[in-house]
Structure formats: structure tokens, C-alpha cells
Amino acid sequence: MVKIVIAGSGLTGLSAAYHLEKKSLFDVSIVEKLSVPGGLLRSETENGFTFDHTGHYLHINDEYFKYFLETILGFSELDEIQRKAAVYNNGILSEYPFQMHLYGQPVSVITACIEGFMKRSQRYRNPQTFYQWVLKYFGKGLGEHFFF
């Protein structure tokens, strides 16, 4: 009987199997409902048209993960795109992510965002809505001035 079962052969499942094997744990089975690995990171071609299951953008900021993709999974042709995003708020263009670039916002906005984060709601153990999730993880100030 297999000791470890990994559900899915997406990036997380493949990474888990690889790292278990590196630790000499070979009694592993990957269970995948599809006939091909890759999870949502795959495309299918039908009648000459290619359909992506999701946008093939990986937000990689970790050199080891990049090494894993290129060396272990064989993704040798990764195009690197530098994200240049901003949030327009209160007549000010702030770099994305907003919560990390409050400088330049009105003092009342900065104060509300920081205080809201420090006092974020503990009553939502398992948020059921986006609103609850924002209040739990970011707080009322960032919710009001950015997310909502």
C-alpha cells in the first residue's frame, strides 16, 4: 500500500513528489483525473485552435522555483515580463500592490490603512465572502481605500 498520495499533478503536486523523492521517500503515488499532468497550466488544441485553461503567467520571485520549472519540469522557454502596474486613488498614482506603497496618499488614508490592518477583524475565522476575507487579512482601511 502506498504511504503518500498526492492529489493532482499540477505544479504543487509535481513539486511535492519531487521534494519527497529528494528526501528518499519513494512510496508516493500521484492521482490525477486527467490523462496529462500540468493542472491548470496547460493548453489543448482542437480544430487548429489552442485553448488555454488559464493564463500561463507564473509570478516567480524565487530563484529556486524558477530553477525547478526550468530544470526539473523542463520549462526551458520562459518569457520574463516585468509587471508595471499602478493604482489610481485620491488623484495619486501608487505602485502596485497598493498596501505596500501608501507613501504619497493623504495622511488620513495612510492612517486608516495601517490602523485597519493592525486592528483587522478576528471574527471571520473562515471568511465566506470577499468582503469578509479582506477584513480578516487586510483590515477595514485597505478595504475602503483599495479593495472595495
request  = Determine whether Trp133 and Met118 fall in the same hydrophobic cluster, where Ile, Leu, Val, Met, Phe, Trp and Tyr are linked whenever their side-chain heavy atoms lie under 4.5 Å apart.
outcome  = yes

For Gly143 and Val134, the nearest pair of non-hydrogen atoms, with its separation, is CA-CG1, 3.7 Å

Here the gap from Gln105 atom CD to Cys113 atom SG, rounded to the nearest 0.5 Å, amounts to 7.5 Å

Taken to the nearest 0.5 Å, the spacing of Asn89 CG from Ser94 OG works out to 6.5 Å

Tracing side-chain contacts under 4.5 Å among Ile, Leu, Val, Met, Phe, Trp and Tyr outward from Phe26 reaches none

Test of understanding: clusters of I, L, V, M, F, W, Y form through side-chain heavy atoms closer than 4.5 Å, transitively. Do Tyr96 and Met100 belong to the same one? no

Note to self: Donor-acceptor check, side chain of Asn90 to backbone of Ile92, threshold 3.5 angstrom: yes or no?
What the structure shows: no

In this structure, CD1 of Ile4 is separated from CG of Leu20 (nearest 0.5 Å) by 4.5 Å

Parallel, tilted or perpendicular, as decided by the 30° and 60° cut-offs, for the rings of Phe68 and Phe65
parallel

(request) List the steps and the verdict of side chain to side chain contact (heavy atoms under 4.5 Å, CB included) for Phe147 and Tyr131. (result) CA-CA 9 Å; Phe147 288 101; Tyr131 181 82; over 6 Å; no

**OP:** Hey, can you tell me if Phe146 and Phe98 have their rings parallel, tilted or perpendicular (30° and 60° cut-offs)?
**Re:** parallel

Residue pairs passing the side chain to side chain donor-acceptor pair (under 3.5 Å) test with at least one member in residues 108-129, sequence neighbours excluded, are none

| said: In the structure I gave you, are the side-chain heavy atoms of Thr12 and Ile6 within less than 4.5 Å of one another anywhere? | reply: no

Counting only heavy atoms from other residues, nucleotides and ligands, does the tally under 6.0 Å from OH of Tyr18 exceed 12? yes

When rounded to the nearest 0.5 Å, the distance separating CD1 of Ile30 from OG of Ser9 is 6.5 Å

Given the rule in the side chain to side chain contact (heavy atoms under 4.5 Å, CB included) test, do Leu102 and Ile114 qualify, once you have shown the distances and angles that lead to the verdict?
CA-CA 9 Å; Leu102 296 174; Ile114 293 172; 4.3 Å; yes

To the nearest 0.5 Å, atom NZ of Lys22 lies from atom OG of Ser24 at 11.0 Å

**Asked** Between Glu70 and Lys66, is a side chain to side chain contact (heavy atoms under 4.5 Å, CB included) present by the stated rule, with each step listed?
**Response** CA-CA 6 Å; Glu70 292 175 345; Lys66 186 175 180 182; 3.4 Å; yes

Worksheet item: Do you see a donor-acceptor pair shorter than 3.5 Å between the side chains of Thr50 and Glu44?
Response: no

Next on the checklist: Evaluate Phe117 against Phe138 for ring pair (Phe, Tyr, Trp, His ring centres under 6.0 Å), listing each step before the verdict.
Outcome noted: CA-CA 5 Å; Phe117 180 78; Phe138 293 93; 7.4 Å; no

Counting only heavy atoms not in Tyr64, do more than 12 fall under 6.0 Å of its OH?
yes

Rounding to 0.5 Å, atoms CD1 (Ile72) and CD (Glu21) come to a distance of 9.5 Å

In short, side chain to side chain donor-acceptor pair (under 3.5 Å) pairs touching residues 135-148 with sequence neighbours left out are none

